[in-house]
Participant: 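Attaching a single structure in structure tokens format; questions to follow.
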Amino acid sequence: MKIVEERRETPVWEQVDVLVVGSGPAGVSAAICAAREGVSVMLLEQSGNVGGIATEGLMSHWTGNTEGGFYDEILERSADAAQMRKVIDPERLKTILLEMLEEAGVKLLLYTFACAPVMEGNKIKGVIAENKTGRGAVLGKIVVDASGDGDIAARAGVPYYIGRETDGKMQPATIMFKVAGVDVERGVFPGGFEEHLAIPAGDIQKLGEEHLPSPAGHVLLYRSTLPGIVTCNMTNCTDIDGTKAEDLTRATVVCRKQMESIVHFLREYVPGFENCYLISSASLIGIRETRHFKGEAVITREDILEARVFDDWVVTKAHFNFDVHNMTGNGLDETGVQKNFQQKKGYTIPYGCFVPLEVDNLYLAGRNISGTHMAHSNYRVMPICANMGQAVGVAAAICVKEGTVPRELSAATVQRRLIESGVQV
């Protein structure tokens, strides 16, 4: 059965030079960096805070060894102490990012869902958005889709595939949470699936596999900025398509039901956690992988392993590992490599990965850029996404000033401006 809606006129709420959808590390960086270039910018976010997984997702730390770019500025502004520079204080970060947006002059609209593109032929002209005020349009000369899943790009007609190329499977979903009451002096903190720490009861990862409810089973624990409080990356839900509301709902239920068992496990087996208790959990579920869009260029696993420096680079000094979570259970997928990842030099990402095929006036930023499943497992992390946002924000502003479209903009022009702002190859 279908309901036929009445034809309606949609008011235009705003007209700006650059419109950014999604305020995770990629989106907030794109908005700030575009506004600093002297163009008008609006940022739309469906939740009540900016920062995405870094804040609403309660992420423990900035992952990897990425250097330079806007990511470094975020660290400088948000870190309380040099020794905990990469550890995230989500409450502090929420406010810092809001301050940075205000300083740059970005127009911000929270609690607003961007639900459809405004198209003119193959050109995107803005988006239709809905919130408590009602339904309206925000128009932009350049639109940046930093929504993670690329909802606007998909509805605009950009070609994509979902998940792993061979079978469409996607990495599992997680809800991060924090426990208090930890004796951190006695505590142990395995930070990766390959860290099989010995504790009195045995191998900590094997104990997790034996005693935690499937598909949970790994033990990942991280210090926080607060005394006695630890961030847990241990809930797990497989076979989830993060582009479907029903799957997001199921993942939320599954992950939340695992938390009590995880806390009980920590009390029973892990030194220093004998008196721990749950104090907070993420309001945004962590979706690692959905759509991979097709762009003018594609970054691959081989590009990363070769530490390739592209002639048309716009992101530099990116560094992480192949963080592929098990598609069918807990722990690391057989294709993943964390502790034993050998490429230490970092890599670059070419301009064409941010320019989608078939739709003009649109940029991609974040985990939705053009790359393979394996490459994505590396570049999807927040520090790299923040520097993607910087590159795209600068490029979008140049497009506005030069009256051109992303597909026709020279990467060299973007490179020059990035170098002037301190980015190094």
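Fair warning: this is a prediction, and the values are worked out from it, not measured in the lab.
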Participant: Establish, yes or no, whether a centroid distance under 6.0 Å links the rings of Tyr160 and Phe293.
Facilitator: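 They qualify: ring centres under 6.0 Å apart.
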
Participant: Looking only at heavy atoms, which two atoms of Glu296 and Arg407 are closest? And how far apart?
Facilitator: OE2-NH1, 2.7 Å

Participant: Looking only at heavy atoms, what is the nearest atom pair of Val158 and Leu362, with distance?
Facilitator: CG2-CD2, 3.8 Å

Participant: Verify the distance criterion only: is there a donor paired with an acceptor across the side chains of Ser47 and Glu45 at less than 3.5 Å?
Facilitator: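 Yes, a side-chain donor-acceptor pair sits under 3.5 Å.
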
Participant: Restricting to pairs with a member in residues 306-319, which pass salt bridge (Lys or Arg N to Asp or Glu O under 4.0 Å), not counting sequence neighbours?
Facilitator: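 Sorted pair list: Asp303-Arg308.
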
Participant: With a 4.0 Å cut-off, would you call Lys206 and Glu209 a salt bridge?
Facilitator: no

Participant: Would you say the side-chain atoms of Thr335 and Arg164 include a donor-acceptor pair closer than 3.5 Å?
Facilitator: no

Participant: To the nearest 0.5 Å, how far apart are CD1 in Ile96 and CG in Leu101?
Facilitator: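 Rounded to the nearest 0.5 Å, the CD1-CG separation comes out at 11.5 Å.
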
Participant: Hey, is Arg85 close enough to Glu76 for a salt bridge, meaning N to O under 4.0 Å?
Facilitator: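 Salt bridge present between Arg85 and Glu76.
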
Participant: Rounded to the nearest 0.5 Å, what separation is found between the CZ atom of Arg380 and the CE atom of Met382?
Facilitator: 10.5 Å

Participant: Give a yes or no on whether the ring-centroid distance for Trp313 and Tyr351 is below 6.0 angstrom.
Facilitator: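 When the ring centroids of Trp313 and Tyr351 are compared, they turn out to be at least 6.0 Å apart.
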
Participant: Should Arg417 and Glu420 count as an ion pair when the cut-off is N to O under 4.0 Å?
Facilitator: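 Counted as a salt bridge, because a side-chain N and a carboxylate O are separated by less than 4.0 Å.
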
Participant: Classify the side-chain pair His319/Glu67 by whether it contains a donor and acceptor separated by less than 3.5 Å.
Facilitator: no

Participant: Under 3.5 Å, is there a donor-acceptor pair linking the side chains of Asp203 and His196?
Facilitator: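 Yes - a donor-acceptor pair under 3.5 Å links their side chains.
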
Participant: Taking NZ in Lys401 as the centre, count heavy atoms belonging to other residues, nucleotides or ligands within less than 6.0 Å. Is the count above 12?
Facilitator: yes

Participant: So, taking the atom named OG in Ser370 and the one named CD1 in Ile299, what distance separates them when rounded to the nearest 0.5 Å?
Facilitator: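 Rounded to the nearest 0.5 Å, the OG-CD1 separation comes out at 9.5 Å.
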
Participant: Please identify each residue that fulfils side-chain contact (heavy atoms from CB on, under 4.5 Å) with Ala34, with sequence neighbours left out.
Facilitator: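 Partners of Ala34 under the side-chain contact (heavy atoms from CB on, under 4.5 Å) test: Val18, Val39, Val41.
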
Participant: Does the pair Lys294/Glu358 count as a salt bridge with the N-to-O cut at 4.0 Å?
Facilitator: no

Participant: With no hydrogens and no angle check, just 3.5 Å: does a side-chain donor-acceptor pair link Asn49 and Glu56?
Facilitator: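 The criterion, which ignores hydrogens and geometry beyond distance, is satisfied for Glu56 and Asn49.
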
Participant: Does the ring centre of Tyr161 sit less than 6.0 Å away from the ring centre of His292?
Facilitator: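 Here the rings of Tyr161 and His292 have centres that are less than 6.0 Å from each other.
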
Participant: Taking atom types as modelled, find out whether Asn326 and Thr328 have a side-chain donor-acceptor pair closer than 3.5 angstrom.
Facilitator: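 The criterion, which ignores hydrogens and geometry beyond distance, is satisfied for Thr328 and Asn326.
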
Participant: Taking salt bridge (Lys or Arg N to Asp or Glu O under 4.0 Å) as the criterion, tell me which of Asp149, Asp151, Asp145, Asp241 meets it with Arg291.
Facilitator: Asp151

Participant: Can you see which heavy atom on Arg92 is nearest to which on Arg77, and at what distance?
Facilitator: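 Scanning both residues completely, I find the closest heavy atoms to be NH2-O, 3.3 Å.
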
Participant: Kindly compute the distance separating CD1 (Ile88) from NZ (Lys94), expressed to the nearest 0.5 Å.
Facilitator: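 Output value for this atom pair is 12.0 Å.
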
Participant: Considering all heavy atoms of both residues, which atom of Met119 and which atom of Lys125 are nearest to each other, and what is their separation?
Facilitator: C-CG, 4.4 Å

Participant: Taking side-chain contact (heavy atoms from CB on, under 4.5 Å) as the definition, give me every residue that meets it alongside Asn378, ordered by chain and number, with sequence neighbours left out.
Facilitator: Ile304, Phe320, Phe322, Phe341, Tyr347, Ile384

Participant: Taking all non-hydrogen atoms of both residues, which atom of Thr235 and which atom of Met259 are closest, and how far apart?
Facilitator: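 Reported closest heavy-atom pair: CG2-CG, 4.0 Å.
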
Participant: Do Pro172 and Ile240 touch side chain to side chain, with heavy atoms closer than 4.5 Å?
Facilitator: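 Pro172 does not reach Ile240 side chain to side chain.
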
Participant: Please round to the nearest 0.5 Å and tell me the distance separating atom CD of Glu289 and atom CD of Gln171.
Facilitator: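 Separation between the atoms: 5.5 Å.
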
Participant: Any chance the side chains of Asp323 and Gln338 put a donor and an acceptor closer than 3.5 Å?
Facilitator: yes

Participant: Indicate the atoms forming the closest heavy-atom contact of Ala391 with Val314, along with that distance.
Facilitator: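 What the structure gives for the nearest pair is CB-O, 3.4 Å.
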
Participant: Under a 4.0 Å N-O cut-off, is there an ion pair linking Lys107 with Glu14?
Facilitator: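 Yes.
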
Participant: Check whether any side-chain heavy atom of Ile279 lies under 4.5 Å from a side-chain heavy atom of Ile229, and answer yes or no.
Facilitator: yes

Participant: Rounded to the nearest 0.5 Å, what's the gap from CG on Asp360 to CD on Glu120? Could you check?
Facilitator: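 Reported to 0.5 Å precision, the distance equals 11.5 Å.
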
